[in-house]
Chemist: 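Handing you a structure now.
Computed over heavy atoms, backbone and side chain alike; hydrogens, waters and symmetry mates excluded. No experiment lies behind these values; they were computed from the predicted model shown.
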Amino acid sequence: MPFKAKFDELKINVGTTVELSWRVNCSVNAPIINYQLEFQEIPDGQWLSINVPAQLSLQTTEEELKRIVEYKQSYTLKGLNKGTKYRVRLRDKL
């Protein structure tokens, strides 16, 4: 079972684009294969959802399968409203 994902510092590219990056620890034996990125306008916008395929390294040895490792992932969220605040959350799918 993976640990909760932690977001890194946001990188705002343009007023309508934000680059999100995060890290999550989980077993090499049961890696996350997809993330469900959800976001909403604050204070009460509708939650929108995007499926983000995980970036995985497929080469593992038998010893590595027992380890907990940190996976890094990023996604650029585009088409946001300029000057608007958003709430973002992640759900992982094993």
Side-chain angles (χ1 to χ4, degrees):
M1 190 75 172
F3 296 88
K4 186 173 180 160
K6 296 178 184 175
F7 281 101
D8 296 328
E9 188 173 328
L10 293 176
K11 295 180 183 175
I12 300 172
N13 299 334
V14 181
T16 60
T17 302
V18 173
E19 184 178 331
L20 302 168
S21 61
W22 60 89
R23 302 163 190 262
V24 64
N25 292 333
C26 69
S27 169
V28 175
N29 193 32
I32 296 168
I33 57 172
N34 285 296
Y35 295 93
Q36 185 174 333
L37 178 64
E38 300 176 339
F39 64 101
Q40 76 171 157
E41 286 186 24
I42 295 175
D44 55 2
Q46 178 182 359
W47 281 100
L48 302 173
S49 186
I50 298 171
N51 184 53
V52 180
Q55 299 167 353
L56 297 175
S57 171
L58 299 177
Q59 298 178 353
T60 55
T61 65
E62 192 169 323
E63 184 62 31
E64 288 176 323
L65 291 176
K66 300 174 187 173
R67 294 182 343 157
I68 301 293
V69 296
E70 179 180 79
Y71 289 93
K72 298 176 186 177
Q73 184 79 29
S74 63
Y75 185 81
T76 302
L77 199 52
K78 300 176 182 177
L80 303 174
N81 293 323
K82 192 171 185 173
T84 302
K85 292 185 179 185
Y86 288 86
R87 182 176 296 129
V88 179
R89 65 185 180 198
L90 276 174
R91 298 179 191 267
D92 45 73
K93 298 178 184 179
L94 299 176

Chemist: Tyr86 versus Leu80: any side-chain heavy-atom pair under 4.5 Å?
Modeler: yes
Chemist: Among all residues two or more places apart in sequence or in another chain, which pass the side chain to side chain donor-acceptor pair (under 3.5 Å) test with Ser49?
Modeler: Gln36
Chemist: Enumerate the salt bridge (charged side-chain N to carboxylate O under 4.0 Å, His left out) contacts for residues 74-88, please, sequence neighbours excluded, ordered by first and then second residue.
Modeler: none
Chemist: Just jot down the salt bridge (Lys or Arg N to Asp or Glu O under 4.0 Å) partners of Arg23, sequence neighbours excluded, or say none.
Modeler: Asp8, Glu70
Chemist: Can you name the nearest heavy-atom pair linking Leu90 to Ala5, along with the distance?
Modeler: CD1-CB, 3.7 Å
Chemist: Distance check, rounded to the nearest 0.5 Å: Trp22 atom CH2 versus Tyr75 atom OH?
Modeler: 9.0 Å
Chemist: For the pair Gln73 (side chain) and Pro53 (backbone), establish whether a donor and an acceptor sit closer than 3.5 Å, ignoring hydrogens and angles.
Modeler: yes
Chemist: Hey, does Ile50 have a side-chain heavy atom less than 4.5 Å from the side chain of Leu77?
Modeler: yes
Chemist: In Å, rounded to the nearest 0.5 Å, how long is the span from CG of Leu37 to CG of Leu20?
Modeler: 6.0 Å
Chemist: Quick one: pull up CZ in Phe39 and CG in Leu48 and give me the separation to the nearest 0.5 Å.
Modeler: 4.5 Å
Chemist: For Asn81, enumerate each residue passing the side chain to side chain donor-acceptor pair (under 3.5 Å) test, keeping only those at least two apart in sequence or located in another chain.
Modeler: Glu41
Chemist: Quick one: list whatever passes side-chain contact (heavy atoms from CB on, under 4.5 Å) with Lys6, sequence neighbours left out.
Modeler: none
